[in-house]
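Predicted model only: the values in this text are computed from it and were never measured. We use all heavy atoms of the structure for the numbers below, so side chains are in, but hydrogens, waters and symmetry mates are not.
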Amino acid sequence: MACGACGNQVRCEKFSPAHTQVQWTDDAAEACPRIRARVAAGEPSARVRSCDALRESIARAVEEGALTVDGTREAEQAGGVYATVAVTDG
């Protein structure tokens, strides 16, 4: 999954509409300019859980059907449902 704002790549799983699991492929504070700015401003990196642009990209991927919600735990045991999609603004 690629962030529509900065292009940072993450792995993303949806187990329910409310449960999104994101696995960063690089250090978030280095890969994401929004998180990097918050850390540079003094916010501890452990407290910065995500950025709005990434959340919007994930929501758009779900709406467009590129990332599906899988409520079964069998998917997790089998490696999950991972989507590699490029979501762009506009």
Out of V62, I58, L54, L67, which residue meets the side chain to side chain contact (heavy atoms under 4.5 Å, CB included) rule with T20? I58
Among Q21, M1, H19, exactly one meets side chain to side chain contact (heavy atoms under 4.5 Å, CB included) together with E13. Which residue is that? Q21
Gap separating the CZ atom of R47 from the OG atom of S45, nearest 0.5 angstrom: 11.0 Å
Under the side chain to side chain donor-acceptor pair (under 3.5 Å) test, residues paired with E43 that sit two or more places apart: R38
Not counting sequence neighbours, which residues clear side chain to side chain contact (heavy atoms under 4.5 Å, CB included) with R34? List them please. A5, C32, C51, A53
